[in-house]
Amino acid sequence: MLVAVGRSWLRVQSKIVIETGTFGGHALRAAAVLALLCAASRSAGLRRDESSVTMYHAPPQTAHKRFKVLRRLQPYGAIPGWTSKTMGVRRKFHRWKTRRTPPISLWGRRMIEYQRIRHHYGLKAKQLRNYARKAYAWGQMFPTDNLVQRLESRLDNFLFRCGVGRTMFECRATIRKGHIQYKRSFWKDYSTRSGTLIADVPEGRKREWRTINLSGLTLQPGDKVRFRPPDMSGGDTKVRDTSIKVGKYLMEKTGNVQIPSHLKWDPENLEGEYCDVCHHTEVGMPINEMILHNCFSGQTPYKELNVKHKRFYPGTSQEIPKYYNGGKPRDTPENLRNMKMGMGYNRRGRYRPPCLWGRTQPLNNPYESDQTGLAPKKKWF
């Protein structure tokens with residue numbers, strides 16, 4: 001807008017100069033204003049170009065207010081990956097206006113544990129569900145521990161546990177800017193070999209170390225991670241010396257951190273190794289495993305996964321069908337065992353199973369007492 005006004009004013013001045021025939025102070029003043037406006041427009045364009053580059057950053061996956069989240073979730077456990085600042089205490093001017101916090105429901109307690117894990121690792125709800133769907137697949141012995149191990153094997157969490165960043169978002173920004181390289185344990189270094197087979201290898205896989213900008217990379221036991229070393233090919237060591245400086249600056253700002261036993265990190269060479277999966281006692285945050293398990297297990301629509309349970313006959317892959325059996329229980333191994341033991345037939349009231357409503361004698365129990373010796377013996381008095 002300023003440039004347009006300046007151009008119109010310049011046209012008016014030039015018209016005055018031409019009509020009056022004076023080429024004195026008006027012409028010089030118009031030329032000076034024109035040069036000033038051109039320089040201002042050029043510098044504004046340069047500033048716009050620079051700002052578009054320097055202002056680019058990787059936004060966090062959960063863009064919420066830090067202290068609002070802490071006030072809501074930190075009373076149930078620490079969230080070290082969310083922020084390094086301590087939660088401030090609000091000063092209450094009118095103490096008589098405070099209300100008692102209502103008791104939280106079971107569903108609300110599950111959602112709090114769900115949000116704590118999501119904010120610590122910086123994940124969206126869809127990403128956490130995808131991790132849980134793989135962990136709670138059929139055949140997993142300990143699905144909750146499997147879920148936590150999958151989250152602990154992320155690349156950004158590896159840097160956070162090694163003390164490279166104060167928060168999970170700082171580690172993610174370091175990865176997104178291309179400062180981190182990784183190497184799989186089964187990769188081969190084709191750059192030192194000679195022969196015709198190298199021509200068949202893609203250009204990005206000829207080197208043993210590869211630069212990565214994905215913070216959600218899943219590490220496997222034996223993988224190594226390091227900061228990007230200086231590029232010595234061009235003769236100038238300042239080309240990639242920035243990554244080493246960034247790594248030392250982040251470690252100095254974070255301070256000493258207790259590294260778990262399944263990780264190795266060399267602060268001098270800025271290189272580490274992911275040795276093994278994380279043990280359930282060395283997780284980076286306190287987790288209530290029972291509540292977390294209740295968030296994902298179950299086949300009701302209110303659960304996060306809503307996984308349909310399938311039962312199989314023992315020793316076979318034949319699925320036990322779900323059908324209406326006239327109110328009788330299905331012939332699953334547990335139901336057959338309970339019927340032989342006579343469990344649940346003496347319950348009254350709300351605990352009485354629906355298959356026994358309105359019955360004086362349990363018609364589906366072939367024994368009056370236990371014939372297998374599995375039921376606990378009752379006292380004779």
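In this text, all values refer to a predicted model and were calculated from it rather than measured experimentally.
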Ion pair present between [X] and [Y], side-chain N to carboxylate O less than 4.0 angstrom?
X    : Y    : result
R161 : E152 : yes
E113 : R110 : no
K248 : E252 : no

Is there a donor-acceptor contact under 3.5 Å linking the side chains of [X] and [Y]?
X    : Y    : result
T144 : Y136 : yes
S261 : E282 : yes
R109 : Y114 : no
Q127 : Y121 : no

Can you confirm whether more than 12 heavy atoms, excluding those of [X], are under 6.0 Å from its [atom1] atom?
X    : atom1 : value
K224 : NZ    : no
F142 : CZ    : no
K253 : NZ    : yes

**Item:** Least distance between heavy atoms, V69 atom then H119 atom
**Value:**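 Scanning both residues, the minimum pair turns out to be CG1-CD2, 3.9 Å.
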**Request:** Write down the atom of Y313, the atom of E319, and the distance for their closest heavy-atom approach.
**Result:** CE1-O, 4.0 Å
**Asked** What do you reckon, are the aromatic ring centroids of H120 and W82 less than 6.0 Å apart?
**Response**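 Here the rings of W82 and H120 have centres that are no less than 6.0 Å from each other.
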**Among R228, H179, Q181, the one residue meeting side chain to side chain donor-acceptor pair (under 3.5 Å) with S243** =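 When R228, H179, Q181 are each tested with S243, the side chain to side chain donor-acceptor pair (under 3.5 Å) holds only for H179.
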